[in-house]
Amino acid sequence: MKCPKCQRPVDHEAESCYSCGYSEAAAAAICGGNLVLLNRIHDAAHCLRKRERDDLAYTLDQLELKFPQMLFCVYLGTLPSHLSLSELGFWLLNHGQVKGAEYARPNENAILVLMDMNTRQVGISLGYFAESLITEEDAYRALTMARPNLVNAEYGEALERLFLRLGKILDRKGRQLRKLTREQLHAGLIGAQNPVLDLPQHLSPSLAVKMAPLEIPLKSA
Amino acid sequence: MRRLAAILVVVTMIPLPVRAAKVELPTWEGAAVSGGYDLGGGLWPKSLTPDETGAAAGETGEAAPGVAPDGTILAVSPAVGTAATEASGPGAPRFFGPEGLVDNIGVPSGNRPGVVENPDGTFLIPQEIAEEEAYEPLPPIEGELSDLYFAHAPVDFLIDPQRLLTEQKSNDIKRFLEFHSDESNFRLFVMALGETQTIPENIDIDGLHKKWFSDSPTVLMLYYREQPQLTRLVFNESVRTSLPQSVFDRILQNTLREGGVTDLAPDQVEKMAIELSIQLYWLSKLMEHENTDDRARAANSSIHEMIASSDAPELLREYAPGIFIQDSGKVLSLVFSLVILIAGISLIGLVGWGILAWKGREKISGQPLLFPDFKISPRLGGEFSGGGFVGMSFELGDGSAL
């Protein structure tokens with residue numbers, strides 16, 4: 001996990017970035033503290049044609065049928081220079097409300113694909129639940145697959161390919177999880193045994209174990 | 001002081017021989033003597049050369065036809081020129097060159113007739129006369145020449161007392177026939193005759209064959225120069241009776257076919273000898289397995305339908321590789337194996353492609369998939385997202401991750 005602003009590593013329970021002090025409050029100060037309403041395919045840059053938008057909507061429909069818990073959405077825009085994609089993704093997932101997303105699809109299950117047409121960058125912002133299912137490596141591979149289409153300005157096709165790839169990753173992860181028993185899943189969730197999910201490790205107990213020998217000499221000193 | 005004097009003496013002495021030496025330069029002849037070269041190098045009488053005639057005309061004050069008195073060249077049509085020439089009489093200047101007299105008819109002297117232009121502008125091209133290589137007429141085979149052919153049993157495998165074949169080819173053919181006799185059960189003799197010559201009536205070639213070659217199987221090929229269709233093969237009586245006539249007919253037919261490929265006598269003899277050698281090889285093979293039961297089968301089968309064995313003479317393979325017929329069964333099995341191999345590879349490739357396509361398909365199908373619920377503690381104050389983000393630039397030439 002990295003800070004959306006400075007990209008430095010961040011602890012999984014940190015209230016703010018240790019390096020730059022960035023947090024949701026800082027994001028709200030920049031982008032606003034209000035909630036915003038988003039379309040599922042929010043093309044603020046107007047770079048998708050109707051046919052591309054329809055095809056992409058059909059693909060997202062299929063994905064939502066396959067994964068009823070997940071929320072798939074897209075934001076295409078031209079960002080100001082002082083705002084990065086990761087910051088916008090962080091803010092949108094915490095302040096945005098996707099039209100038509102029912103209660104079963106909260107933002108923490110969201111996979112938000114963002115594209116900045118100014119800097120020609122594309123990114124995937126993940127909610128808490130989604131980031132436990134999709135690793136950074138898988139997300140990067142999916143982006144790599146869509147890059148040739150993006151370079152050729154085939155944005156609709158690129159986004160379709162990207163979402164299909166993400167759907168495939170989710171499908172694989174779901175099949176892995178289905179094979180686990182409840183105990184194995186619980187053990188995986190707490191990180192004790194072969195974690196199948198990309199969950200943050202609870203470092204405190206092990207740190208305590210490792211630090212104990214150090215504390216003793218300190219106390220004795 | 002002495003040195004100075006010596007140097008002075010040397011310096012004064014050196015120019016003396018230099019001054020005394022004179023370079024002998026060639027002396028040119030006078031203008032009146034030079035210019036005595038005649039057109040044609042003196043091969044023709046001086047009175048016939050245009051220079052002499054022109055000079056004579058100049059002396060008499062008359063200009064040459066086509067030349068103005070001031071020396072400029074005038075345009076004169078051939079007809080006019082001819083008329084003028086004829087009118088001027090026998091002493092008029094006419095050009096005589098190596099080709100002879102050139103007139104307006106356009107038929108140059110020599111062997112080749114010229115192109116004649118018709119009044120309508122078309123040209124009449126003379127028919128080319130095909131140049132045929134003329135052989136000296138050969139004498140009939142009689143007397144001493146007949147003795148050279150038929151008096152004694154031949155020593156060489158090539159009997160050519162008239163030297164009808166070229167020396168180099170004769171040597172090659174002899175070497176080949178010697179090699180053949182070493183390798184084959186049949187000896188092969190080639191008798192070269194002229195195209196107009198015939199075997200004398202008093203010579204019985206079959207009798208001579210029996211007399212000369214009764215000890216071992218021998219074939220005598222009578223070849224008539226550049227007339228391969230007249231070729232005759234003489235076999236031993238024992239060989240001829242052991243196999244049906246169709247076999248010998250086919251041997252002769254194949255030999256003649258090879259001889260008809262070329263027109264030159266040495267090449268014809270060479271090719272026919274090679275083919276006959278091959279046929280004799282198979283004839284010997286056929287005779288080894290000959291018995292009464294096989295006769296009928298051999299009569300019905302062609303020699304060319306027999307497959308080439310692996311121990312066929314390498315030289316023959318080298319000389320005529322296309323003549324050997326491959327084993328059709330082996331070829332079929334090879335083709336069949338190849339087809340099976342290609343089909344197998346194609347099938348494997350198809351299956352692999354199918355697997356890859358199945359694995360790489362980007363299609364959403366199947367039943368809805370539900371993930372187990374689990375809670376993650378929030379970070380950076382975010383209610384739904386902690387800023388998990390993966391990015392990439394799609395600027396051309398910049399594939400870096402964000």
Side-chain angles (χ1 to χ4, degrees), chain A residues 1-4 10-17 22-25 62-63 65-69 85-86 89-90 93-94 106-108 110 119-133 136 139-140 143-144 147 150-151 161 164-165 167-168 170-171 174 177 185 189 197 199-200, chain B residues 333-402:
Chain A
M1 285 160 286
K2 294 174 183 175
C3 169
V10 175
D11 186 60
H12 71 284
E13 287 179 344
E15 290 292 328
S16 61
C17 175
Y22 187 78
S23 66
E24 198 276 330
Q62 298 294 313
L63 282 170
L65 280 174
K66 174 75 178 175
F67 308 105
Q69 299 162 285
L85 269 183
S86 52
F90 176 63
L93 285 183
N94 288 311
N107 278 10
E108 65 178 5
T119 57
R120 295 180 68 80
Q121 289 177 353
V122 64
I124 303 172
S125 277
L126 302 168
Y128 290 122
F129 185 76
E131 74 180 13
S132 63
L133 298 172
E136 284 190 9
Y140 186 76
L143 287 173
T144 308
R147 190 170 185 272
L150 291 170
V151 168
R161 180 173 278 193
L164 287 171
R165 180 70 185 176
K168 200 171 177 185
L170 288 174
D171 189 30
L177 290 172
L185 182 62
L189 287 175
L197 297 174
L199 296 175
Chain B
S333 66
L334 190 67
V335 169
F336 187 70
S337 307
L338 200 63
V339 168
I340 292 286
L341 185 68
I342 291 172
I345 291 172
S346 304
L347 188 65
I348 291 170
L350 195 66
V351 170
W353 177 79
I355 291 171
L356 286 177
W358 178 260
K359 288 184 78 175
R361 76 191 194 285
E362 291 173 341
K363 191 179 176 185
I364 307 147
S365 60
Q367 295 295 317
L369 191 62
L370 289 172
F371 297 102
D373 263 338
F374 45 88
K375 277 287 178 189
I376 299 171
S377 54
R379 63 178 185 273
L380 298 180
E383 186 182 358
F384 304 109
S385 171
F389 179 82
V390 178
M392 173 186 280
S393 169
F394 56 92
E395 188 71 55
L396 201 60
D398 181 15
S400 59
L402 299 175

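Letters go in sequence order (proteins before strands), and every chain restarts at 1. Computed from heavy atoms alone, side chains included, the values below leave out hydrogens, waters and symmetry copies.
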Residue among Glu24(A), Gln62(A), Lys66(A), Glu108(A) with most heavy-atom pairs under 4.5 Å to chain B: Lys66(A)
Scored by heavy-atom pairs under 4.5 Å with chain B, the best of Ser86(A), Gly127(A), Gly89(A) is Ser86(A)
Just how far is it from atom [atom1] of [X] to atom [atom2] of [Y], taken to the nearest 0.5 Å?
| X | Y | atom1 | atom2 | answer |
| --- | --- | --- | --- | --- |
| Leu85(A) | Phe389(B) | CG | CZ | 4.5 Å |
| Thr119(A) | Phe394(B) | OG1 | CZ | 7.5 Å |
| Met392(B) | Ile124(A) | CE | CD1 | 9.0 Å |
| Leu380(B) | Asp11(A) | CG | CG | 9.5 Å |
| Leu150(A) | Ser393(B) | CG | OG | 10.0 Å |
| Glu395(B) | Arg147(A) | CD | CZ | 9.0 Å |

Check whether any side-chain heavy atom of Leu369(B) lies under 4.5 Å from a side-chain heavy atom of Leu170(A), and answer yes or no. no
Quick one: are Leu370(B) and Gln69(A) in side-chain contact, heavy atoms under 4.5 Å? yes
Using heavy-atom distances under 4.5 Å, tell me whether Val10(A) contacts chain B through its side chain, its backbone, both, or neither. side chain
Please tabulate, for side-chain N and O atoms in residues 340-353 of chain B, each donor-acceptor pair with protein atoms closer than 3.5 Å (sequence neighbours left out).
residue	atom	partner	partner atom	Å
Ser346(B)	OG	Ile342(B)	O	2.7

Not counting sequence neighbours, which residues clear ring pair (Phe, Tyr, Trp, His ring centres under 6.0 Å) with Phe129(A)? List them please. Phe374(B)
